Structures are given as structure tokens and as C-alpha cells.
Amino acid sequence: MAQHSIALKERKAVADGTELFVFEKPEGFQYKAGQYVALIVPKIAGVETDTKGLARSFSLTSAPCEPILSFTMRSGESAFKKTCWQLAIGDTVTITDPVGFFTLPPTEDTRPIVFLAGGIGITPVRSMLKQAESEKSQRQFTLLYANRFPKDVTFHEDIKKLSLKNLRYVTVLSQSTEPCASSDDERGYIDEAIIEKYVDDVQGSLYYIVGSPEFIGAMETMLTRLGVPKEQCKKDSFTGLRAQSGK
Ligand SMILES: Cc1cc2nc3c(=O)[nH]c(=O)nc-3n(C[C@H](O)[C@H](O)[C@H](O)COP(=O)(O)OP(=O)(O)OC[C@H]3O[C@@H](n4cnc5c(N)ncnc54)[C@H](O)[C@@H]3O)c2cc1C
């Protein structure tokens, strides 16, 4: 598989302990919204290494219509994450060609799409919605976005600003007594009642589930209880990502 060396152009915090890394896009690099790559960071002098190595899988946060490539990640204690947090503008990392099938169906398939995203699982969803906006998509989208607190909600303003005619965006906060400003907002976990409240055609929609393996398992069990056929559920399991707990 081809590898590409890409230079960091910009980085910024986009939620609590969550960083957006923006890179130059190599000439001819093509991908579909929702795909991912392996990201390999260089050894930086003074940053410790560990047995887990310096490569991880990352969904592209950027959309194919954008002139850059971007990735977004939660901070962590691994050598990989510590190295990422030391990256300076102009530093280069290596990525592989994009892979994965967590992508939207062709436009002829007009079934409504329901995204069930947990935490940093928002990354491929942001890419798909941004691309859909650039294509002036008329498709019905519902995004149910689960987090613990408002500070964990990533790309909140970006998503609210999207000019998609048929996007319904709902934040679902499990451990907050405060609302998530100016969006439809629920307390607790994404469950049958929330699905039935916000999804018009529960059994006829396509579900895109993305987040930690624990989140995916919980969503699959719930959709089975609602009678949604397995063939209508696409999954993007962020293996390696541990479910968050506490504050
Ligand atoms: C398709 C896909 C897309 C993803 N997209 C994103 C994204 O957009 N943003 C994001 O933040 N995360 C994403 N992840 C998760 C990401 O790849 C990391 O697993 C996650 O960020 C945690 O990394 P860490 O270094 O903090 O955790 P760590 O727990 O330190 O490392 C996790 C990784 O190390 C491996 N590992 C654990 N122990 C060992 C060991 N002893 N020896 C060797 N390997 C070991 C695990 O298999 C796992 O790959 C994605 C994962 C997948 C599969």
C-alpha cells in the first residue's frame, strides 16, 4: 500500500482534551468521506516510546471537497499520543492510502440515514456531512451524538452551521445536568425512546454506528430490540479506543 508524507499546517483544540490536526493534502490523494488511514508519527527526541508503537488508525475528519486533510483525536498517555501532542507546524507524518466501507450509499438509495456517534466517533460523520453539504444533498440525515458532558461535544458549532436542508442534530449527554447550547438536547444514553422520538422511519432507515467497541455493542443490541434488520446497520468500530468513564 502506498504511503504519503504530509506536513502539519495547523492544529487546534476542538473539545476538551481533543485536538484537530490539519495537514497538507498530497497531490492526487483521493478518498471517500468516512474512510480511514493508518497514521504513523516520527520518533521525536525526548518523547518516550512504548511497546504499542507509533502507528494508529484514524478516520479522516476532513471531506474530499476540502483542500486539506485533517484528523481529530482525544489525548492519551501512549507514546503515540504524546508524540502527536509534540508535533509542530511543518513536521511531517506518514499516512497510508485510505481504506474502509463506512461511506454513504449511492444517491439512488434514498433511505434516510441515522448516525449514532459516540464521543470521538464523530470524525467520519463530520466528513460525510461536510461532503453531503458540498454536494447539496437532499437526503434525510439524523445525527444522534452521545457524550458525557457539553465540553466533550466535538465540532458542535461546525455541525450546527452546516447548510444541509434535511439534517436533524441531537446531542445526548449522559452525565451533565447542563444543556448543550442551541441544539436539540437529551439527557442519558441513546435508547429506544430517543430513537423513536427523533427517527421518523425507525425500521426503514440506514444506521451508521461509530465509536468505541462498547458503544457499538450497546447500539446494536438496542436496534435489534427495535426490529431494525442487521443489513441496515453499518459499523465503524474504533478498536483501541477505551470507553470513557468518570469526569
Ligand atoms: C477505523 C478506526 C478509526 C479510528 N478513528 C479515530 C479517530 O478519528 N480519532 C481517535 O481519537 N481515535 C480513532 N481511532 C482509535 C485510534 O486508532 C486509537 O486506538 C485511539 O485513539 C487510542 O489510542 P491511544 O494511543 O491513546 O491508546 P492506547 O490504548 O495506548 O493504544 C491503543 C492501540 O494500541 C494497541 N495496543 C494496546 N496494547 C498494546 C501492546 N501491549 N502492544 C502493541 N499494541 C498494543 C491497541 O491494539 C490499539 O491499537 C480509530 C480506530 C479505528 C480502528
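Numbering of ligands and ligand atoms starts at 1, following listing order. From a predicted model like this one, the values you see are computed outputs, not experimental measurements.
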Practice task
Name the orientation class of the two ring planes belonging to Phe58 and Phe71 (parallel below 30°, tilted from 30 to 60°, perpendicular beyond 60°).
Solution key: perpendicular
Exercise for the section: Establish whether atom 9 (N) of ligand 1 and some protein heavy atom are separated by less than 4.0 angstrom. Expected result: yes
Exercise for the section: Run the salt-bridge test on Arg126 and Glu66 with the 4.0 Å N-O cut-off and return the result as yes or no. Expected result: yes
Exercise for the section: Can you sort out which atoms of ligand 1 are near Asp236, meaning under 4.0 Å from one of its heavy atoms? Expected result: 1 (C)
Exercise for the section: Could you list the atoms of ligand 1 found under 4.0 angstrom from a heavy atom of Tyr36? Expected result: 1 (C)
Exercise for the section: Report the residue from Asn147, Asp185, Asp152 that forms a side chain to side chain donor-acceptor pair (under 3.5 Å) with Thr171. Expected result: Asp185
Exercise for the section: Taking atom NZ of Lys235 as the centre, report whether more than 12 heavy atoms of other residues, nucleotides or ligands fall under 6.0 Å from it. Expected result: no
Exercise for the section: Identify the protein heavy atom lying closest to atom 14 (N) of ligand 1, giving its residue, its atom name and the separation to 0.1 Å. Expected result: Ser57 O, 3.4 Å
Handout entry: More than 12 heavy atoms from other groups under 6.0 Å of CG on Asp97
Key = yes
Problem - Glu19 bridged to Arg11 by N-O distance under 4.0 Å - result: yes
Fill in the blank from the handout: The option among Thr18, Leu241, Thr239 carrying the non-hydrogen atom nearest to atom 53 (C) of ligand 1 is Thr239
Exercise for the section: Using distance alone, decide if ligand 1 has a nitrogen or oxygen within less than 3.5 Å of any nitrogen or oxygen in Ser59. Expected result: yes
Problem - Nearest protein heavy atom with distance in Å, relative to atom 12 (N) of ligand 1 - result: Phe58 CE2, 3.5 Å
Practice task
Out of Phe238, Phe80, Phe102, indicate the one that has the non-hydrogen atom closest to atom 2 (C) of ligand 1.
Solution key: Phe238
Problem - Element-labelled atoms of ligand 1 that are located less than 4.0 Å from some non-hydrogen atom of Ile120 - result: 9 (N), 10 (C), 11 (O)
Exercise for the section: For the residue pair Phe21 and Phe23, categorise the inter-ring angle as parallel (less than 30°), tilted (30 to 60°) or perpendicular (more than 60°). Expected result: parallel
Handout entry: Glu77, Glu19, Lys52: member with heavy atom nearest to atom 35 (C) of ligand 1
Key = Lys52
Problem - Crowding at NZ, Lys9 (>12 non-hydrogen neighbours, <6.0 Å) - result: no
Exercise for the section: Under 4.0 Å from a heavy atom of Arg74: give me the atoms of ligand 1 that qualify, with their elements. Expected result: 11 (O)
Problem - Protein contact for atom 37 (C) of ligand 1 (heavy atom, distance under 4.0 Å) - result: yes
Problem - Lys82 atom NZ: more than 12 heavy-atom contacts under 6.0 Å - result: yes
Practice task
Answer side chain, backbone, both or neither: which part of Lys81 comes under 4.0 Å from ligand 1, heavy atoms only.
Solution key: side chain
Handout entry: Numbering as shown, the atoms of ligand 1 that approach Thr51 to under 4.0 Å (heavy-atom distance)
Key = 41 (N), 42 (N), 43 (C)
Fill in the blank from the handout: among protein heavy atoms, the one nearest atom 18 (C) of ligand 1 is Arg56 CD, 3.9 Å
Completion exercise
So the atoms of ligand 1 within less than 4.0 Å of a heavy atom of Ser78 turn out to be 24 (P), 25 (O), 26 (O), 30 (O)
Handout entry: Contacting atoms of ligand 1, where contact means under 4.0 angstrom from a heavy atom of Thr123
Key = 7 (C), 8 (O)
Practice task
Check step by step if ring pair (Phe, Tyr, Trp, His ring centres under 6.0 Å) holds for His156 and Tyr145.
Solution key: CA-CA 10 Å; His156 189 55; Tyr145 185 22; 8.5 Å; no
Problem - Nearest-contact summary for atom 47 (O) of ligand 1 - protein heavy atom, Å - result: Gly240 CA, 4.9 Å
Exercise for the section: Mark yes when over 12 heavy atoms from residues, nucleotides or ligands other than Tyr189 sit less than 6.0 Å from its OH; otherwise mark no. Expected result: no
Problem - Ion pair check, Lys197 and Glu186, cut-off under 4.0 Å - result: yes
Practice task
Could you tell me if any non-hydrogen atom of Ser237 lies under 4.0 Å from any atom of ligand 1?
Solution key: yes
Problem - Residue, atom name and distance, where the atom is the protein heavy atom closest to atom 27 (O) of ligand 1 - result: Arg242 NH2, 3.6 Å
